[in-house]
Amino acid sequence: ALELAQDVATDGNWERFVGLDNKLSNIRGEIRGVEVKLARARDREEKADLIGARNLYMELLKDFRGSDLVRDLRLPVEVRTLPPGAAIRVAGTDHPHKTPTVLRVSPFGQTEIEFSKPGFTTRSVKLGPFGDETDPAAFQFGWQVLKAPTWSTATNEVLEAAPASWNKHLVVAGRSGRWFVLDAKTGKQSGSGRLEADAAVTADLASSGSMVFVPSLNGTLYAVDAETGKLVYRIPGRNQPIDAPPTTAGGVLYYVDHEGTATAFNLETRKSSWTKPSLPAVYAAPLVLGDRLVLLSTGGEVVVLSTADGETVKRFTLPGGTYRCAPAVIGEDLIFASEGGRLTRYDLRNDQVVWTEEWPVRVRRTPSISGGAIYVSPMPGELIVIDATAGRESYRFSNSLTVAGAAVSPNHRVFFAHDRTLSAFAPGKDGYGLAWSFEARSTILAGPVVHGSAVYIGDADGNIYRLEAVDG
C-alpha cells in the first residue's frame, strides 16, 4: 500500500489510486476484525469461559503472529497449588491474588512464576512460549508447594530405626550404633552415646517413661536416658540379633531374638520375669493385649503367650505372605498386613478370619487405623481408605501403586513415607485429600513418628526432620 501511495503521488495514475484504496480498505477490515475478535474474547473471559476466550486468542495468534496487532496479547492461564493460598510473583512483580487464580501471560517467550507460602519452600516455574497450535484446554497448571521442615539435623548416620520420644526430647539411633538426644522443638543435640563395636542397631526404639531401649545385633538391649543420652544399664541377650522392635507395657519390656526366644523383662527390678521359646524369624514388634502377648513370624505364624508366665495360649497361621510389621488393633480384633498388601482381619476371641483381601500396596509398617477405617497409600500423594468392618474400599484419593511407613495424628491426619517423599492426608467434607508433601534429602527409612503437634522422619543420609502436622 505504501508503494502504491508513492506511485500515485508521482504520476497521478487513477488505476493505481483505486488499487491503493482497495488495499487500505482491506487493511481497515482486518483491523476491525481483530478488534471484534478481541472484544469477543474479553467478553468470554468476563463470563469465565476461559477455553472459549483462548480459542479466539489462538485464532488471532495463528493469523497475525508476526504483526504488531497481537504484540500485547495476554493469554488467560489457570494456576493452582497444593496446598492452595500461595502468593504469586509474575516476572518479578507481586500478583494481587493467591492461588488458585488466573494469570494473563504473554504467548511470546517465557514468563517466570514464583509461588510462596509460609511454612513451605518457594517454587519457581516458567510458562511459555505458547504456539498457535497449543490445545486451549491445556492452559491449566498445578504445582505442589513442598512443606518446609521446622528444623533438620544432620547425624552422619544411616537412620533406619524409628525414633522414640519422651517429654521434650527425641532419641534417634543410627545403624552403626550411635544414638543422639535432640530437643524435639529445636533439633538441638543435648546428648549422645555409642553401643559396643559389635552392637549395630537392628530395629525401632522403644520407650518407657524417660528410658529408651535400643535393640542390637549382639542381642543386648541398651537402656538410655532420654534426657541426657547416657547409657543407664544393659539387658544381656543370648548373642542372637534382636530383629523386632521391643515393646513396653505395664512396666515390662517384651522382646524376641532371632531364634525366637521371647523374654519379659521387669523394668522395676531390672530382672527377667520369664524367657520362653516362641517363633523364629520374628521381625514384627510384640503386641500386648491385656494379659496376652501376640507374636508374628515372617511366614505368617502367630503365637499368643500369657504375659504372666510366657505359656502358649494359642497358635494359628495367616493366609500366605511375608509379615514384618506388628498387627493393628481394632476393637477386640487384629488387622494383619503382609508385605505384599494382603490385609486380614482376625477375630482373636473366636479364632477365625473375619475377612482377608489383597491391595495394590507394599506394607512396611503397622497399618494406620482411625475411626473404624484402615489407611494404605499406594504411592506418593495417593490414599486408599478401607472399611475395617467389611474389608472393602470406601474411598480413594487418586490411583496407582507402591509403599511405606505410616502414622496417624490425633486429629486424624495420616502420614505416609515413600522413598524421599512424606505425604500428609487430611479429612475434608468430601473425604480425605492430600494436605501437603515434603521431600527429604534421601530415602526416608525412619518413621514417620507423630509426637505432639509434629511428625518426625529420618533419612538414609542421617538427617532427622521435624514437620508441623498441620499445613501452613
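The model shown is predicted, which means the values in this text are computed figures rather than measured ones.
- Looking at D183, its side chain does come within 3.5 Å of a backbone N or O of K185 through a donor-acceptor pair.
- The closest donor-acceptor contact from the side chain of K314 to the backbone of L348 lies under 3.5 Å.
- Side-chain atoms of T307 come within 3.5 Å of backbone N or O of D291 as a donor-acceptor pair.
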- Task: Check the pair V294 / L296 against side chain to side chain contact (heavy atoms under 4.5 Å, CB included), numbers first and verdict last.
- Result: CA-CA 7 Å; V294 181; L296 170 64; 5.7 Å; no

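- A distance-only check finds a donor-acceptor pair linking the side chain of W355 to the backbone of A388 [under 3.5 Å].
- In this structure, H169 and W166 have parallel ring planes: the angle between them is below the 30° cut-off, well short of the 60° mark.
- Contact check for S210 versus N167: no side-chain heavy atoms found under the 4.5 Å cut-off.
- Formation of a donor-acceptor pair under 3.5 Å by the T443 side chain with backbone atoms of A460 is not found in this model.
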- Task: Could you walk me through whether S208 and T248 pass the side-chain hydrogen bond (donor to acceptor under 3.5 Å, both in side chains) test, one step at a time?
- Result: CA-CA 6 Å; S208 178; T248 61; 4.7 Å; no

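- Panel note: side chain T99, backbone T101; no donor-acceptor pair is recorded below 3.5 Å.
- Distance check, rounded to the nearest 0.5 Å: CD of E332 to CZ of R349 gives 3.5 Å.
- Between the side chain of R345 and the backbone N or O of G391 there is no donor-acceptor pair closer than 3.5 Å.
- For the pair L343 and S338, the minimum side-chain heavy-atom distance is 4.5 Å or more.
- Here the two rings, on W436 and F438, have centers that are 6.0 Å apart or farther.
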- Take Q144 and E439 through the side chain to side chain contact (heavy atoms under 4.5 Å, CB included) test and state the conclusion after the steps. CA-CA 11 Å; Q144 274 197 357; E439 284 191 4; over 6 Å; no

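- Residues E311 and S306 bring no donor and acceptor atom of their side chains to less than 3.5 Å of each other.
- Under the 30°/60° scheme for interplanar angles, the aromatic rings of H451 and Y456 are found to be tilted.
- Contact of the V302 side chain with the T317 side chain is not registered, since no non-hydrogen atoms from C-beta on lie closer than 4.5 Å.
- Of the possible donor and acceptor atoms, none in the side chain of T247 sits under 3.5 Å from a partner among the backbone N and O of A285.
- Considering only heavy atoms from C-beta on, L293 stays 4.5 Å or farther from K276 through its side chain.
- Between G310 and L305, the closest heavy-atom pair is O-CD2, 3.6 Å.
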- Message: As a quick check of understanding, evaluate side chain to side chain contact (heavy atoms under 4.5 Å, CB included) for V79 and I113, giving each step before the final call.
- Response: CA-CA 10 Å; V79 295; I113 314 293; 5.7 Å; no

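- A435 and R413 make their closest contact through CB-NH1, 3.4 Å (heavy atoms, listed as atom of the first residue, atom of the second, distance).
- Between T155 atom OG1 and L182 atom CG the span is 8.5 Å, to the nearest 0.5 Å.
- Note: T186 OG1 to L170 CG = 10.5 Å, rounded to the nearest 0.5 Å.
- In terms of heavy-atom proximity, S442 sits nearest to D459 at OG-CG, 3.2 Å.
- Counting heavy atoms from C-beta on, the side chains of Y255 and V282 never come closer than 4.5 Å.
- Minimum heavy-atom separation, V181 to A226: CG1-O, 3.1 Å.
- Side-chain atoms of T344 and T356 form a donor-acceptor pair, as typed in the model, at a separation below 3.5 Å.
- Classification of the W143-F115 ring pair by plane angle, with boundaries at 30° and 60°, yields tilted.
- With contacts defined as side-chain heavy-atom distances shorter than 4.5 Å, the pair L334/L289 qualifies.
- How far CD of E157 is from OG of S192: 10.5 Å, rounded to the nearest 0.5 Å.
- When all heavy atoms of L195 and A200 are compared, the closest pair comes out as CD1-C, 4.5 Å.
- Here the side chain of S216 pairs no donor or acceptor atom with the backbone of V201 at under 3.5 angstrom.
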- Task: Show your reasoning for whether salt bridge (charged side-chain N to carboxylate O under 4.0 Å, His left out) applies to R392 and E357.
- Result: CA-CA 8 Å; R392 296 287 186 268; E357 295 286 343; 2.6 Å; yes

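- Counting heavy atoms from C-beta on, the side chains of R270 and F265 come closer than 4.5 Å.
- Ion pair R441/D461 not flagged as a salt bridge, since none of the NZ, NE, NH1 or NH2 atoms sits closer than 4.0 Å to an Asp/Glu carboxylate oxygen.
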- Could you walk me through whether T153 and Y465 pass the side chain to side chain contact (heavy atoms under 4.5 Å, CB included) test, one step at a time? CA-CA 7 Å; T153 297; Y465 307 85; over 6 Å; no

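- Using a distance-only test at 3.5 Å, with no hydrogens or angles considered, no donor-acceptor pair links the side chain of N350 to the main chain of Q352.
- The two atoms that bring W359 and E393 nearest to each other are CH2-N, 3.4 Å, heavy atoms only.
- Salt bridge annotation for R466-E468: present, with a cationic side-chain nitrogen under 4.0 angstrom from a carboxylate oxygen.
- The distance from atom SG of C325 to atom CG of D204, rounded to the nearest 0.5 Å, is 11.0 Å.
- The CG atom of D257 sits 11.5 Å away from atom CG of N218, with the distance rounded to the nearest 0.5 Å.
- In this structure, Y375 has its ring center no closer than 6.0 Å to that of F425.
- Residues R342 and Y323 form a side-chain contact, since some pair of their non-hydrogen atoms from C-beta on lies under 4.5 Å apart.
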